[in-house]
Amino acid sequence: MSTVTIDPNTRRVPPLGGFNLTVLGLELKRMLRNRRTVIFTLVLPAALLLTFGGQDGWDDPAGSGNVAAYILISMAMYGAALTSAATGSAVAMERALGWSRQLRLTPLNPVVYIVMKTLVALVMGGIAILVVNLVGAFVGKADMPVDVWVASAVVALLCTLTFAALGVFVGYVVPGENAMQILGPGLALLSFLGGLFIPLDQYADWVREIAYWTPMYGVAEVARSPLTHELPWYAVINAVGWFALFVAGAAWRMSKDTARV
Amino acid sequence: MTSTSTLPDGSATRTAAVRLSGVTKSFAMGRESVEAVRGLDLEIQPGEIVAFLGPNGAGKTTTIDMILGLSRPTTGTAEVLGMAPRDAIARGLVSAVMQTGGLLKDLTVRETVEYTAALFADTRPVDEVLGDAGITEIADRKVAKCSGGEQQRLRFAMALLSDPALLLLDEPTTGMDVEGRRAFWSSIRRDAETGRTVLFATHYLEEADQYADRIVLISHGKVVADGTGAEIKSLASGRTLRFTVPTPDADAFARIPGVDGVEVRGETVILHTKDSDAVARHLLTSTDARDLEITAKGLEDAFIALTGDAR
């Protein structure tokens, strides 16, 4: 009988806390295989763009472009927010499945796990933005300088992190697959209130007063600022504030949960 | 009667696979604090197969969580292969197989193993591990479509990927048939011969008795017995005498020389004794006892005697 003892001293710790491209690739594959996510990411925002983007006055000037460009950025923002919220809510579902506990039995650092999930949310948000932009370019109504086109897409992408955090938070509060059933209509409502679907100046004064406080208003203004060259200070406060609040909420729920990993 | 037998005397030069010293763990439950583990000392040598036996709520899972570094002892220290549990995990030296869950349903079997493998610095080849676990044919099947047994084999494949020195199993054969259980244990035993230490939690007495080199019996967060199956049984040695008598007098029976315990249920009397011959002779010659039955105590009785709340 051979005694092959395992020598602990020969074992190595993986670099970067277990960060690797294989896992990133598999996580993306999972998202793209999920029919619901694909509908949210690729189909819905593009369909909304086609619906809203051709309304009367689409070629009226807006900032350094036209109204169609304004609507395009808004739809890209909406699609990306929805997508990253879906990615975020998956974190809580994995926890409910015991997958997070399984991962704790590997060298993967929990912070690296969140970093990888954030990257997946960014890539998925990026795909959503890209699809809306490609459809917009194909339709040919949106008009804005290329640098504005790129800048607004990048800013919208960064703004999606707010909704990735919101997704994690809601995923913890409402476990299982129900999270998206709340996030879907909820984000649509916030998008109406935040001026993504209908410009705020078409609302009654009291509705607009409320809208300024809602989470979609800030990021929408920020994402469109390369086009409009307008950015009220309270919109920036709104965007930063809600981001901080959702991250804090997600972190709070996650830390409460680690007690029984 | 709560006796803690001495720990096996491991030589000082070898690093223990698991060493727990003075470990306690309390949880806050509202305003009160519940002590799940109350001063646990345990040392397991490399290559041992140890059963962690105890009723539900005895502190088995809490202790395993501390060995895995999933939670920290409130006081005391937990060490795995001479290092902190998280360091051992980071080196792929410790693996565990959970009873349920722990799988992503939308990945295929192969993707799940690849995902896990990518997180370690070094692993065995994915194909080899799939082959050893007998899941090569279902490698491209979605986890959601796998049967319970197939999912369990997948969990084993994942646990053995990093060639761990210590393997923890939580109720490993729940849901397996007799044949599956036997095959499972013979492969675990082969593994142990290569120096792998196995610690498994169970509440099946027979399983602990048949497959473990050593049984650690825990109850109310403490080790109440530690030894081979035979040693544990001898802790509750003796026999039970059961008979009927018209008007039982418990005190009178307790005074019979050699009787350790008396239970009276209506006309039925149960006596516990280490000298069943002498007690039986006395019962049949000096009392009205009828229908006498004598039975040996098994591991079941030892288990109840050592962990029971009834006493």
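Remember, it's a predicted structure, so these values are computed and weren't measured experimentally. Lettering of chains follows the sequences in order, A, B, ..., and the numbering in each one begins at 1.
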*Asks:* Looking only at non-hydrogen atoms, find the nearest pair between Thr116(B) and Trp99(A) and report the distance.
*Replies:*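 Of all heavy-atom pairs spanning Thr116(B) and Trp99(A), the closest is OG1-CH2, 4.4 Å.
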*Asks:* Give me the contact list for residues 155-167 of chain B versus chain A, heavy atoms only, anything under 4.5 Å, ordered by residue number.
*Replies:*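 Listed by number, the contacting residues are Met158(B), Ser162(B), Asp163(B), Pro164(B), Ala165(B).
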*Asks:* For the candidates Gly102(B), Gly101(B), Pro85(B), which exhibits the highest count of non-hydrogen atom pairs separated by less than 4.5 Å from chain A?
*Replies:*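 Of the candidates given, the most pairs with chain A belong to Gly102(B).
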*Asks:* Does any non-hydrogen side-chain atom of Val94(B) lie less than 4.5 Å from one of Leu105(A)?
*Replies:*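 No, every pair of side-chain atoms sits at 4.5 Å or beyond.
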*Asks:* Taking all non-hydrogen atoms of both residues, which atom of Ala90(B) and which atom of Pro107(A) are closest, and how far apart?
*Replies:*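 The pair with the smallest heavy-atom distance is O-CG, 3.4 Å.
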*Asks:* Within the structure provided, determine whether Ile89(B) and Thr106(A) are in side-chain contact (heavy-atom separation under 4.5 Å).
*Replies:*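 Counting from C-beta outward, Ile89(B) and Thr106(A) never come under 4.5 Å.
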*Asks:* Can you list everything that forms a salt bridge (Lys or Arg N to Asp or Glu O under 4.0 Å) with Arg33(A)? Sequence neighbours excluded, please.
*Replies:*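 Listed in chain order: Glu111(B).
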*Asks:* Rounded at 0.5 Å granularity, tell me how far CG in Leu97(A) sits from CG in Leu103(B).
*Replies:*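 Result: 9.0 Å between the selected atoms.
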*Asks:* So for atom CZ, which belongs to Arg72(B), do other residues, nucleotides or ligands contribute more than 12 heavy atoms lying within a distance under 6.0 Å?
*Replies:*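 Open.
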*Asks:* Which pair of heavy atoms, one from Leu103(A) and one from Tyr115(B), lies closest together, and at what distance?
*Replies:*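 Looking at all heavy atoms of both residues, the shortest contact is CD2-CE2, 4.0 Å.
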*Asks:* Please identify, among Leu81(B), Leu93(B), Asp87(B), Leu107(B), the residue contributing the most non-hydrogen atom pairs under 4.5 Å to chain A.
*Replies:*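 Of the options given, most contacts go to Leu93(B).
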*Asks:* Do Asp65(B) and Arg101(A) touch side chain to side chain, with heavy atoms closer than 4.5 Å?
*Replies:*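 Touching, per the 4.5 Å side-chain cut-off.
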*Asks:* Please give me the minimum heavy-atom distance between Arg12(A) and Ala121(B), naming the atom from each residue.
*Replies:*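 Arg12(A) and Ala121(B) have their closest heavy atoms at O-CB, 3.5 Å.
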*Asks:* Only pairs under 3.5 Å count here: list side-chain donor-acceptor contacts from residues 17-26 of chain A, not counting sequence neighbours, and write none if there are none.
*Replies:*
from, atom 1, to, atom 2, distance (Å)
Asn20(A), OD1, Thr22(A), N, 3.1
Asn20(A), OD1, Val23(A), N, 2.9
Asn20(A), ND2, Gly18(A), O, 2.9
Asn20(A), ND2, Ala118(B), O, 3.3

*Asks:* Could you pull out all residues at least two apart from Glu94(A) that satisfy salt bridge (Lys or Arg N to Asp or Glu O under 4.0 Å)?
*Replies:*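 Only Arg30(A), Lys117(A) meet the salt bridge (Lys or Arg N to Asp or Glu O under 4.0 Å) criterion with Glu94(A).
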*Asks:* CG/Leu104(B) to CE/Met93(A) distance, rounded to the nearest 0.5 angstrom?
*Replies:*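 It comes to 9.0 Å.
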